[in-house]
Amino acid sequence: MNLAGRIALLCLGVAFVAVTVAGFVSLRLVLSTSQQVSREFLRSQADVVAGQISNNRVEQILEGQDIAIVRITASGDVTGADRAAVRAVRAVDYRAVLSGSPVSGVSGRLNVEARPSGAGGFALVQETETTGTYRKLVRNILGALGIGLAVACLAGLALGTFLARPLRRVASVAHAMSTGRRDLRVPVAGTHELAEVSTAVNTLADALQRSESRQRDFLLSVSHELRTPLTAVTGFAESLADGVVSGAQVAPVGTVILEESRRLDRLVTDLLDLARLGADDFRLDMATVSLEPVVRTAAEVWHARCHARGVNFSLEVTSSPVVQADARRLRQVIDGLMENALRVTPAGRPVVLALSSVLEVRDGGPGLAAEDYPVAFDRGVLHARYQDSRPVGTGVGLALVHGLVTRMGGTITAGPAAEGGAAFTVTLLSAE
């Protein structure tokens, strides 16, 4: 059932309950009032005819009003032509009449008013007339119920249609988005809840558009990175195959082919690791790890590589924290950050690997624009922005580092470094 139908059904249910409860209360109230009025009327009649009960004319008038007369003798006997009236009088405390006190009572649907008269007394008995009132009231209640249900149905359908219209508009935009459209937006209007849904869908559309744009840029950059070594490998391989390169030239050509092949291998490996990071079965061997030995081992390797490039490498260790991490993946994080720093740092400038309560890699390179630090770990963003102005990597290195640190329960941030370049700070969960 659609929304309009459900709202209409709900309105019908509410109207039915409301009219039924109101009818039940009204019925009880009307019947009670009718009985009270009948008793008041009978009481007044009894008071009026108390001294005239022996008058035949009075008795005829009372009988014409469907009021039965019951005689009460001085000895307490009750007599009358209407047996039901006699039983009703006997059911109440009628003997108080003999002592001169009036008696009022009810026996079933019969009202009894007894008064003293002479040596004995009399009682007037009348049935409360509720049949006609009851039927009329029931008809009125059923009529009100029918009108209420009709109005509720119409109001529910109108309200449901009114509420469903903007939801259908949101649904149509969502369906269009599922087919690839990203230029559609939902008008933010209506109630607070509907406006919130529209805003959420628009935000989702914006996020999808940005994400797909980044993916396209990333694919373009990866395609470019793949094409360059592939072109070199293909060209030199063709030269070897055609015999253009021979003799002493073969070794340098083979070296170029090997380096470009390794570059391709690094790119493919990074892409595979980055893809596997999102999988539930990505393997992490979490354990208690002392950071200082890991950092010092990595420093030996990177000191030599920096020295070969003319870059001033320095190691700063002021603490030896123990953390919960995967030692192999932690070394991969350090290597990724150091490779990124060394690539952009010119000869004569510093690269610092620092360990305190956190792990930090700083460089003396050109750094990043202030607006680029928050997106430094987004896949392919820095590659697309800086590929024409400085050496860049595969476009996935920092994204891979961020993913590894996050999977180990840590955080990584980027910011400006005192050395003039960029600083990357890794914070891991303490094991102490």
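Every heavy atom of this structure was used, including side-chain atoms; hydrogens, water molecules and symmetry mates were not.
Remark: of the listed residues L429, V333, V426, V333 is the sole one forming a side-chain contact (heavy atoms from CB on, under 4.5 Å) with M408. Of the candidates L359, V401, L353, V401 is the only one forming a side-chain contact (heavy atoms from CB on, under 4.5 Å) with L337.
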Take D335 and W302 through the test side-chain contact (heavy atoms from CB on, under 4.5 Å) and record every step on the way to the result.
-> CA-CA 8 Å; D335 290 343; W302 286 102; 2.8 Å; yes
Step by step, would you call Y386 with L368 a side-chain contact (heavy atoms from CB on, under 4.5 Å)?
-> CA-CA 9 Å; Y386 295 103; L368 304 175; 3.8 Å; yes
Carefully, step by step, assess M338 and V361 under the rule side-chain contact (heavy atoms from CB on, under 4.5 Å).
-> CA-CA 7 Å; M338 287 299 301; V361 175; 3.8 Å; yes
F424 and L398: side-chain contact (heavy atoms from CB on, under 4.5 Å), yes or no, with the steps?
-> CA-CA 10 Å; F424 297 90; L398 289 179; 4.1 Å; yes
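In this structure, CG in L204 is found 12.5 Å from OG1 in T199, a value given to the nearest 0.5 Å. Residue T318 holds its OG1 atom at 10.0 Å from CD of E292, rounded to the nearest 0.5 Å. Between atom CD of residue Q324 and atom CG of residue L284 there is a gap of 12.0 Å, rounded to the nearest 0.5 Å. The distance from atom OG1 of T345 to atom CD of E419, rounded to the nearest 0.5 Å, is 9.5 Å. Note that CG of L404 and CD of Q332 are 5.0 Å apart. Values are rounded to the nearest 0.5 Å.
Considering all non-hydrogen atoms of both residues, G365 and P346 come closest at CA-CD, 4.1 Å.
D326 contributes no side-chain N or O that, together with a main-chain N or O of M286, makes up a donor-acceptor pair within less than 3.5 Å. Counting only distance, with no hydrogens or angles, the side chain of S172 and the backbone of R169 share a donor-acceptor pair below 3.5 Å. Checking side-chain atoms of N202 against main-chain N and O of V186 turns up a donor-acceptor pair under 3.5 Å.
Contact annotation: the side chain of S107 never approaches that of R87 to less than 4.5 Å [non-hydrogen atoms, C-beta and beyond]. Between L110 and Q126, the closest side-chain pair of non-hydrogen atoms is not below 4.5 Å. Residues V125 and V70 are in side-chain contact: their nearest non-hydrogen atoms beyond the backbone lie under 4.5 Å apart. Side-chain contact between L124 and I69 is present, with heavy atoms from C-beta onward closer than 4.5 Å. A 4.5 Å side-chain heavy-atom check between P321 and S430 finds every atom pair outside the cut-off. By the 4.5 Å heavy-atom criterion applied to side chains, V289 and L428 are not counted as neighbours.
Using a cutoff of 4.0 Å between basic side-chain nitrogens and carboxylate oxygens, R385 and E371 are not scored as salt-bridged. The existence of a salt bridge linking D285 and R329 is excluded, since no basic side-chain nitrogen approaches an acidic carboxylate oxygen closer than 4.0 Å.
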